[in-house]
Amino acid sequence: MKLLLLRHAQAVAGGDLDPDRVLTSVGERQAAAMASRVVSMLPGASIVASPWRRAQQTAEIMAQELGARLVLNDSLTARGTAPAAAASLEPYFSDQGSLIVVTHQPLCGQLISWLTDGNLYGQVVSPCSGALLELEWPARGMARLLNGCDGAVQGDDHAGR
């Protein structure tokens, strides 16, 4: 199965643990650009996202482009841990299809590290960027990194978490 782990698109300035921060106009363009890339890369993908507003907005833009249903998952907030988040994704794994996960830093970087090499060090992940992984089950060290995904758009300074 292919798993695309993404950090939400650029959000307005504020506290990292503020669940109500919204996307900037640049963030909206980032999410739309990423959705355009993903529609051909992962057709028919399911989308699971943090319920925090900025991640939910990013995922909604992508779900609309992909014609996918969006499921919100409380384990994917910035307060989440990689092992708990991975365990919460188990019900979405199947032999076919792909999954897009929209989350926050530091969890996004920690999930990439934990799934690919079993470590919990946090990789730095820019807004609307992440990694495309291949794996059979969301467990420690079980994923293979296919490539990184950068959601930069013109006028983007990668500011804002």
Side-chain angles (χ1 to χ4, degrees), residues 1-9 11 16-23 27 30-32 34-123 125-151 161:
M1 178 176 198
K2 290 184 180 175
L3 171 65
L4 178 60
L5 289 171
L6 287 178
R7 179 181 176 189
H8 62 79
D16 290 346
L17 298 179
D18 178 356
D20 298 319
R21 288 177 41 220
V22 298
L23 296 183
Q30 285 175 332
M34 182 60 73
S36 294
R37 291 175 60 195
V38 170
V39 73
S40 62
M41 186 171 53
L42 301 173
S46 299
I47 302 177
V48 181
S50 161
W52 289 11
R53 192 68 193 125
R54 57 197 180 271
Q56 187 176 349
Q57 284 180 293
T58 302
E60 286 169 347
I61 292 168
M62 296 184 72
Q64 184 175 7
E65 177 76 22
L66 274 73
R69 186 174 135 253
L70 169 60
V71 177
L72 301 180
N73 181 324
D74 290 333
S75 296
L76 298 175
T77 71
R79 292 185 177 110
T81 66
S88 77
L89 297 176
E90 289 176 5
Y92 305 102
F93 272 70
S94 64
D95 292 334
Q96 299 177 3
S98 302
L99 182 64
I100 299 167
V101 172
V102 182
T103 186
H104 308 266
Q105 275 296 88
L107 181 59
C108 188
Q110 290 170 351
L111 268 170
I112 294 167
S113 296
W114 191 78
L115 289 170
T116 57
D117 63 21
N119 293 311
L120 278 175
Y121 62 86
Q123 296 185 18
V125 180
S126 297
C128 209
S129 298
L132 180 62
L133 309 177
E134 186 171 63
L135 65 166
E136 293 179 22
W137 195 250
R140 183 179 190 168
M142 297 298 291
R144 182 171 64 98
L145 179 66
L146 297 178
N147 69 355
C149 298
D150 182 5
R161 291 183 171 226

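Count residues from 1 along the sequence. We use all heavy atoms of the structure for the numbers below, so side chains are in, but hydrogens, waters and symmetry mates are not. Because the structure is predicted, anything quoted here is derived from the model rather than measured.
Counting heavy-atom neighbours within 6.0 Å of Glu136 CD, excluding the residue itself, gives a total of 12 or less.
Residues Leu5 and Leu133 have side chains in contact (heavy-atom distance under 4.5 Å, counting atoms from C-beta outward). Between Asn73 and Tyr92 there is a side-chain heavy-atom pair separated by less than 4.5 Å. Residues Pro138 and Glu90 have side chains in contact (heavy-atom distance under 4.5 Å, counting atoms from C-beta outward). In this structure, Met142 and Leu115 have side chains that are not in contact, with every pair of non-hydrogen atoms separated by 4.5 Å or more.
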Met62/Ile47 under side chain to side chain contact (heavy atoms under 4.5 Å, CB included): CA gap, chis, key distance, verdict: CA-CA 8 Å; Met62 296 184 72; Ile47 302 177; 4.1 Å; yes

Residue pair Val101, Leu6: steps toward the side chain to side chain contact (heavy atoms under 4.5 Å, CB included) verdict: CA-CA 6 Å; Val101 172; Leu6 287 178; over 6 Å; no

Steps toward side chain to side chain contact (heavy atoms under 4.5 Å, CB included) verdict (Leu99, Met1): CA-CA 8 Å; Leu99 182 64; Met1 178 176 198; 3.5 Å; yes

Steps toward side chain to side chain contact (heavy atoms under 4.5 Å, CB included) verdict (Arg79, Leu17): CA-CA 7 Å; Arg79 292 185 177 110; Leu17 298 179; 4.0 Å; yes

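Heavy atoms only, all atoms of each residue included: Ala63 and Leu70 are closest at CB-CB, 4.4 Å. Between Gln56 and Pro51 the shortest heavy-atom distance is OE1-O, 3.2 Å. Closest heavy-atom contact between Ser75 and Ala85: O-CB, 3.7 Å. Minimum heavy-atom separation, Arg21 to Ala11: NH2-CB, 3.5 Å. The two residues Pro106 and Ala78 make their nearest non-hydrogen contact at CD-O, 4.0 Å. Ala131 and Leu145 make their closest contact through CB-CD1, 3.6 Å (heavy atoms, listed as atom of the first residue, atom of the second, distance).
Atom CZ of residue Arg140 and atom CH2 of residue Trp114 lie 7.0 Å apart, to the nearest 0.5 angstrom. Between Ile61 atom CD1 and Met34 atom CE the span is 12.5 Å, to the nearest 0.5 Å. Rounded to the nearest 0.5 angstrom, Met41 CE and Ile100 CD1 are separated by 7.5 Å. Of the inter-residue distances, the one linking Ser98 atom OG with Leu132 atom CG reads 8.0 Å to the nearest 0.5 angstrom. Within the model, atoms OG1 of Thr81 and CG of Leu107 stand 7.5 Å from one another, a figure rounded to the nearest 0.5 Å. We find the CG-CD distance between Asn119 and Gln110 to be 11.5 Å, quoted to the nearest 0.5 Å.
With hydrogens and angles ignored, the 3.5 Å screen pairs no side-chain donor or acceptor of Ser129 with any backbone N or O of Val125. Ser113 contributes a side-chain N or O that, together with a main-chain N or O of Tyr121, makes up a donor-acceptor pair within less than 3.5 Å. A donor-acceptor pair is defined here as one N or O able to donate and one able to accept, closer than 3.5 Å; such a pair exists between the side chain of Thr103 and the backbone of Leu76. Distance alone, capped at 3.5 Å, is enough to place a donor-acceptor pair between the Gln57 side chain and the Leu23 backbone.
Taking a cutoff of 4.0 Å between a charged side-chain nitrogen and a carboxylate oxygen, Glu134 and Lys2 do not qualify as a salt bridge. Using a 4.0 Å cut-off between charged nitrogen and carboxylate oxygen, Arg53 and Glu60 count as a salt-bridge pair.
Donor-acceptor pairing under 3.5 Å is recorded for the side chains of Ser50 and His104.
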